[in-house]
Number of protein chains: 2
Amino acid sequence: MNDIPFDPYQRACPSRTVLDRVTDRWTVLVVGALEAGPLRFTELAHRVDGVSQKMLTQTLRGLERDGLVTRTVHAEVPPRVEYHLTDAGRGMLEPIHAIERWTLAHADAVLTARAEYDTVHAAS
Amino acid sequence: MNDIPFDPYQRACPSRTVLDRVTDRWTVLVVGALEAGPLRFTELAHRVDGVSQKMLTQTLRGLERDGLVTRTVHAEVPPRVEYHLTDAGRGMLEPIHAIERWTLAHADAVLTARAEYDTVHAAS
DNA sequence: CAGTATCCCGCAGGATACTG
DNA sequence: CAGTATCCTGCGGGATACTG
């Protein structure tokens, strides 16, 4: 049991490293892509458009390390490796859905605000 | 009206830059800190422990640019500057709450999984 | 197919110093 | 107090090449 509660607003709190995982761009997209079901490495690379193999590997290893994704190797030739969410990983879908919902709902407003701001604060 | 719907899974979709805002570490903490009410620059720096003045300024400018935060300068000496969420910014609280909830709820499990993983995959 | 291994560049972001 | 302005370094992350 913990004597000290987690608080991401504190610099030294370990929970901040956990926060970093949820607020990772590729993590959000990869976990979101895995919601519909297990995917292979290449399939993921296609779904998450623009991710490099290095970043995809790195993201998947991190998710595996955190117990959010499981990596299954099927003994075949050519090899088939599938990634699927664990129960803990599926828990991440709630914040991810909220993030995606907000992004889609406010994208227009934000982009408009940006253009407006840049017009007003245009460099001479 | 948009002929093309936003899709953050597509590399070139502008919504990905909006996604980047919500998935920014300091953004989440700053907006979360502003939920309770307006705060001054220094107060924010204290609440969001560990943020450098440079990153705080940068984060606030970004939020202002995106129309999520308003900056109010009170004509006093010494100057008093207050930041508060706009309605759009308050909308970001939903994903942020979900993120914070998940972080606090799964921090223990994730940290344990990490330790376990690192033990098993220890470098020789 | 599903990676690992390198090389390398740009820039995120901290530290420090200065201003209205 | 609330910043801006520089300098500088580490590493995020892309490109490329190689392997089981």
Side-chain angles (χ1 to χ4, degrees), chain A residues 8 10-12 16-17 19-30 33-34 38-66 69-84 117 121-124, chain B residues 8 10-12 16-17 19-30 33-34 38-66 69-84 117 121-124:
Chain A
Q10 294 303 313
R11 152 179 22 200
R16 203 169 261 189
T17 67
L19 177 67
D20 286 340
R21 163 90 35 224
V22 209
T23 57
D24 179 74
R25 198 245 209 109
W26 297 127
T27 292
V28 168
L29 294 174
V30 165
L34 286 176
L39 289 176
R40 308 175 60 165
F41 189 86
T42 322
E43 291 170 336
L44 266 172
H46 270 93
R47 295 281 203 115
V48 183
D49 190 32
V51 68
S52 64
Q53 78 282 51
K54 177 181 173 178
M55 287 317 294
L56 183 52
T57 301
Q58 199 169 294
T59 302
L60 287 169
R61 290 295 162 276
L63 287 168
E64 210 187 336
R65 181 166 100 107
D66 290 357
V69 154
T70 305
R71 180 173 180 271
T72 310
V73 184
H74 299 268
E76 306 174 0
V77 177
R80 192 172 97 246
V81 178
E82 284 192 332
Y83 294 92
H84 65 92
Y117 184 99
H121 300 78
S124 58
Chain B
Q10 293 304 312
R11 152 178 24 200
R16 200 170 262 190
T17 69
L19 178 67
D20 286 340
R21 164 92 33 225
V22 210
T23 57
D24 179 72
R25 195 243 212 118
W26 296 127
T27 291
V28 168
L29 294 174
V30 165
L34 286 176
L39 288 176
R40 308 175 60 167
F41 188 86
T42 323
E43 292 171 335
L44 265 172
H46 272 90
R47 295 283 203 112
V48 183
D49 191 32
V51 69
S52 64
Q53 79 283 47
K54 178 180 173 180
M55 287 317 294
L56 182 53
T57 301
Q58 199 169 296
T59 302
L60 286 169
R61 291 294 164 276
L63 287 168
E64 212 187 335
R65 182 165 100 107
D66 289 357
V69 154
T70 305
R71 180 174 179 269
T72 310
V73 183
H74 299 268
E76 304 173 4
V77 178
R80 193 172 96 247
V81 179
E82 285 192 332
Y83 294 91
H84 65 91
Y117 184 98
H121 299 77
S124 58

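Chain A is the first sequence line, chain B the second, and so forth, proteins listed ahead of strands; every chain is numbered from 1.
Residues forming a side chain to side chain contact (heavy atoms under 4.5 Å, CB included) with Arg21(A) (at least two apart in sequence, or on another chain): Thr27(A), Leu63(A), Asp66(A), Leu68(A), Arg114(B). Taking the side chain to side chain contact (heavy atoms under 4.5 Å, CB included) definition, one finds that Pro38(A) meets it with Glu82(A), His84(A), sequence neighbours left out. For Val77(B), the side chain to side chain contact (heavy atoms under 4.5 Å, CB included) test picks out no residue, with sequence neighbours left out. For Arg16(A), the salt bridge (Lys or Arg N to Asp or Glu O under 4.0 Å) criterion is met by no residue, not counting sequence neighbours.
Looking at heavy atoms from C-beta onward, Phe41(B) lies in side-chain contact with Leu60(B) at the 4.5 angstrom threshold.
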Quiz item: Starting at the 5' end of DNA chain D, what dot-bracket string do you get if Watson-Crick and G-U pairs under 3.5 Å are bracketed, crossing pairs use [ ], other-strand pairs use | and unpaired bases use dots?
Solution: ||||||||||||||||||||
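For Asp20(A) and dA12(C), the CG to P distance is 16 Å, given to the nearest whole Å. Whole-Å rounding puts the Arg25(B) CZ to dG12(D) P distance at 12 Å. At whole-Å resolution of the value, CD in Gln58(A) and P in dG13(D) are 7 Å apart. With rounding to whole Å, Trp26(A) atom CH2 is found 10 Å from dG13(D) atom C1'.
To the nearest 0.5 Å, atom CH2 of residue Trp26(A) and atom CG of residue Leu56(A) are 9.5 Å apart.
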Would you tabulate the side-chain donor-acceptor contacts of residues 42-52 of chain A under 3.5 Å, counting partners in other chains and residues two or more places apart, or write 'none'?
from: Glu43(A); atom 1: OE1; to: Arg40(A); atom 2: N; distance (Å): 2.7
from: His46(A); atom 1: ND1; to: Thr42(A); atom 2: O; distance (Å): 3.1
from: Asp49(A); atom 1: OD2; to: Arg11(B); atom 2: N; distance (Å): 3.0
from: Ser52(A); atom 1: OG; to: Met55(A); atom 2: N; distance (Å): 3.2

Quiz item: Can you give one letter per nucleotide of nucleotides 2-10 of chain D, 5' to 3': B if a protein heavy atom sits under 4.0 Å from the base, S if only from the sugar-phosphate, - if neither?
Solution: SSS------
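Counting only residues at least two apart or in different chains, salt bridge (charged side-chain N to carboxylate O under 4.0 Å, His left out) contacts with residues 50-60 of chain B are absent.
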